[in-house]
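Below you'll find the structure, written out as structure tokens, and then a few comments.
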Amino acid sequence: MTAERVAGLICEIGGPEAIDSARRYALHENASVRSQFAMSWSRFPVEEYTREVLARMPLADSILVVTGVDQLRHLRELPAFESLVLADSCDGAQLRLFLPDVDFEGLFTGSNKALDELSFLRELPRLNMLGLSGCSALKNRRPCGSPTEIRRSHNNCPPDTLR
């Protein structure tokens with residue numbers, strides 16, 4: 001059985017009983033094996049998985065999927081990672097509270113009905129990719145920061161909206 005299949009099974013099982021196995025496989029040299037653990041955070045107890053698995057693994061080439069505020073609270077405990085996918089609705093105040101001092105380059109969210117403002121982007125100096133879609137509460141799509149820092153933007157709004 002390949003390491004990718006083993007990692008997939010560990011993530012599918014999830015829960016506290018799979019954390020020891022996840023910890024061992026999360027250090028695998030293959031990025032696709034590690035990425036399964038980065039994207040399966042919601043399948044494990046948040047605090048223990050953060051401390052025992054994610055905080056110990058190399059995440060520089062990983063996309064982290066966050067499905068709730070409990071996970072947002074723990075992002076500062078993690079090493080730098082490539083991108084963050086918000087798979088749950090979070091408002092601007094929550095993101096302003098939990099994202100500063102988190103080291104990542106890309107932020108993506110879709111169907112986030114609570115996202116109401118983008119002032120939190122000022123606190124993300126390394127951000128250079130932003131993807132927003134289906135954010136119905138977002139009236140002003142200006143990032144409130146230097147738009148030149150966000151080099152690529154994928155939005156469901158006209159490109160000049162971010163200038």
Side-chain angles (χ1 to χ4, degrees), residues 4-28 30-121 123-124 126-138 141 143 150 152-156:
E4 283 122 351
R5 291 195 62 199
V6 171
L9 287 172
I10 293 168
C11 292
E12 190 174 315
I13 292 167
E17 53 279 337
I19 286 185
D20 285 338
S21 297
R23 181 177 37 242
R24 285 193 303 277
Y25 270 85
L27 297 174
H28 198 277
N30 185 325
S32 66
V33 171
R34 291 191 314 269
S35 74
Q36 290 186 59
F37 294 104
M39 294 191 306
S40 298
W41 197 357
S42 65
R43 310 256 325 142
F44 298 88
V46 174
E47 286 185 39
E48 187 178 4
Y49 193 71
T50 302
R51 184 180 60 252
E52 297 297 323
V53 178
L54 294 175
R56 297 175 183 215
M57 65 185 277
L59 292 171
D61 56 357
S62 296
I63 298 169
L64 254 148
V65 177
V66 170
T67 58
V69 174
D70 285 348
Q71 293 169 332
L72 280 174
R73 285 187 181 101
H74 292 283
L75 286 173
R76 289 185 185 122
E77 301 168 37
L78 303 180
F81 52 93
E82 181 183 310
S83 296
L84 179 65
V85 174
L86 298 174
D88 191 23
S89 288
C90 305
D91 63 31
Q94 291 170 315
L95 297 176
R96 201 170 41 258
L97 179 64
F98 297 120
L99 291 185
D101 302 319
V102 177
D103 193 2
F104 64 98
E105 295 181 1
L107 176 64
F108 304 93
T109 187
S111 300
N112 185 338
K113 295 183 183 353
L115 185 60
D116 52 352
E117 53 97 4
L118 298 174
S119 67
F120 65 90
L121 294 175
E123 307 299 322
L124 306 175
R126 284 193 356 121
L127 188 72
N128 63 32
M129 294 177 285
L130 177 64
L132 305 171
S133 66
C135 301
S136 56
L138 191 59
R141 294 171 196 240
I150 302 171
R152 294 189 333 217
S153 183
H154 310 283
N155 292 280
N156 63 345

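Just so it is clear, the model here is predicted, and its values are computed rather than measured.
The distance from the CG atom of L115 to the CG atom of L86 is 8.0 Å, given to the nearest 0.5 Å. Here the straight-line distance linking atom OG of S35 with atom CZ of F81 works out to 14.5 Å at 0.5 Å rounding. Here the CG atom belonging to L84 is positioned 6.0 Å from the CG atom belonging to L75, to the nearest 0.5 angstrom. The CG atom of L54 sits 8.5 Å away from atom CD of Q71, with the distance rounded to the nearest 0.5 Å. To the nearest 0.5 Å, atom CD of residue E52 and atom CG of residue D20 are 8.0 Å apart. The CG atom of N112 sits 7.5 Å away from atom CG of D88, with the distance rounded to the nearest 0.5 Å.
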The test is side-chain contact (heavy atoms from CB on, under 4.5 Å); show your working for V65 and W41 and say whether it passes.
CA-CA 7 Å; V65 177; W41 197 357; over 6 Å; no
List the steps, then state whether side-chain contact (heavy atoms from CB on, under 4.5 Å) holds for L64 with L78.
CA-CA 10 Å; L64 254 148; L78 303 180; 3.8 Å; yes
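S89 and K113 make their closest contact through OG-N, 3.1 Å (heavy atoms, listed as atom of the first residue, atom of the second, distance). Shortest non-hydrogen contact noted between L27 and P58 is CD2-CD, 4.1 Å. Contact detail for A18 and F44: the closest heavy-atom pair is CB-CE2, 3.7 Å. Across every non-hydrogen atom of R126 and F104, the tightest pair is CB-O, 3.6 Å. Residues F108 and S83 approach most closely at CE1-OG, 3.7 Å, considering heavy atoms.
Remark: side-chain polar atoms of D116 are paired, donor with acceptor, to backbone N or O of G92 under 3.5 angstrom. Within the 3.5 Å criterion, the main-chain N or O of V53 finds no donor-acceptor partner in the side chain of R23. Remark: side-chain polar atoms of R24 are not paired, donor with acceptor, to backbone N or O of I19 under 3.5 angstrom. Looking at S40, its side chain never comes within 3.5 Å of a backbone N or O of C11 through a donor-acceptor pair. At distances below 3.5 Å, not a single donor-acceptor pair connects side-chain atoms of Y49 with backbone N or O atoms of P16.
For the residue pair H74/E77, the side-chain donor-acceptor check at 3.5 Å is satisfied. There is no side-chain donor-acceptor pair under 3.5 Å between S62 and R34.
Atom CD of E48 has more than 12 heavy atoms from other residues, nucleotides or ligands within 6.0 Å. Within a 6.0 Å radius of OH in Y25, other residues, nucleotides and ligands contribute 12 heavy atoms or fewer.
Counting only heavy atoms from C-beta outward, the side chains of E123 and L99 never approach each other to under 4.5 Å.
Taking Q36 as the reference, nothing meets the side-chain hydrogen bond (donor to acceptor under 3.5 Å, both in side chains) condition, with sequence neighbours excluded.
Here the rule is side chain to side chain contact (heavy atoms under 4.5 Å, CB included) with L107, and of L127, L132, V85, N128 only L127 fits it.
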